[in-house]
Amino acid sequence: GNSVTQMEGPVTLSEEAFLTINCTYTATGYPSLFWYVQYPGEGLQLLLKATKADDKGSNKGFEATYRKETTSFHLEKGSVQVSDSAVYFCALLTGTASKLTFGTGTRLQVTL
Amino acid sequence: NAGVTQTPKFQVLKTGQSMTLQCAQDMNHNSMYWYRQDPGMGLRLIYYSASEGTTDKGEVPNGYNVSRLNKREFSLRLESAAPSQTSVYFCASSELGTGKETQYFGPGTRLLVL
């Protein structure tokens, strides 16, 4: 079956530090890959996505590249801000009934 | 344009009580979903409705029922609540499945079962 593994948190960084959150996946077929973000007390919202191998998704300074050869979709940002503090979820979607499979989430805390 | 709305925001139940969580979307999406979020486990799919008039089980359907009332509304019912159903419940919607579409989430319902 499908599964997503992402690095354990929490991740604590100082403002302007470089961020990497690792995500690897197992899937049949050719999934689409997503990063969702959940700010405190809110629902999930899409951060970025990539729908085929070698695609790069980007938004708000965050980037992730769909690597089929390593089955990975690592999230990166060059300079984090306090406002980036949230829980980040990696997820994959396969064509069958559009069911999202989520990783367990990584909490990011950014301090001044 | 409210997106996906959920009611109630918070609920406390006693074991054995029943309740219905309501979800509505105004984006004219065909597909709707119910997830639960538990610490350390990410989100898990309870039930989904690929289109109006259809519903299917997800990963963790036991103890729940759903109704796709119309294209806009998708409700989740707990017939006899158990402490193991203490969780945060999220509803989501998306376009008809192509395998590439974004799901849009509601703000969640926090449920505590005593």
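Excluded from the calculations below are hydrogen atoms, water molecules and symmetry mates; all remaining heavy atoms, backbone and side chain alike, are included. In what follows, chains are A, B, ... by sequence order, proteins preceding strands, each numbered from 1.
Taking the six-membered ring for Trp and the full ring otherwise, the centers of Tyr35(B) and Phe102(A) sit less than 6.0 Å from each other.
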**Request:** Using the ring pair (Phe, Tyr, Trp, His ring centres under 6.0 Å) rule, take Phe105(B) and Tyr36(A) through it: C-alpha gap first, then chi angles, then the decisive distance, then the call.
**Result:** CA-CA 10 Å; Phe105(B) 286 79; Tyr36(A) 281 86; 5.5 Å; yes
**Message:** side chain to side chain donor-acceptor pair (under 3.5 Å) for Arg77(B) and Ser67(B)? Distances and angles first, verdict last.
**Reply:** CA-CA 8 Å; Arg77(B) 183 161 178 83; Ser67(B) 295; over 6 Å; no
**Request:** Could you give me the CA-CA distance, side-chain angles and deciding distance for Tyr30(A) and Tyr66(A), then say whether side chain to side chain donor-acceptor pair (under 3.5 Å) is met?
**Result:** CA-CA 11 Å; Tyr30(A) 301 96; Tyr66(A) 187 161; over 6 Å; no
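Heavy atoms of Glu59(B) lying under 4.5 Å from chain A are absent altogether. Both the backbone and the side chain of Leu43(B) come within contact range of chain A, judged by heavy atoms closer than 4.5 Å. Contact of Tyr104(B) with chain A is not made at all, since no heavy-atom distance falls under 4.5 Å. Of the atoms belonging to Gln38(A), it is side-chain heavy atoms, and not backbone ones, that fall under 4.5 Å from chain B. Using a 4.5 Å cut-off between heavy atoms, Leu100(A) touches chain B through backbone and side chain atoms alike. For Gln45(A), no part lies under 4.5 angstrom from a heavy atom of chain B.
Between Asp38(B) and Arg36(B) a salt bridge is recorded (basic side-chain N to carboxylate O distance below 4.0 Å).
Among residues 106-114 of chain B, the residues having any heavy atom closer than 4.5 Å to a heavy atom of chain A are, in sequence order, Gly106(B), Pro107(B).
Among Trp35(A), Phe18(A), Tyr88(A), the single residue meeting the ring pair (Phe, Tyr, Trp, His ring centres under 6.0 Å) criterion with Phe62(A) is Tyr88(A).
Under the salt bridge (Lys or Arg N to Asp or Glu O under 4.0 Å) criterion, Lys77(A) pairs with Asp84(A), not counting sequence neighbours.
The shortest side-chain heavy-atom distance between Cys91(B) and Met32(B) falls under the 4.5 Å cut-off. Tyr33(B) is listed as a side-chain neighbour of Ser31(B), based on a closest heavy-atom distance under 4.5 Å.
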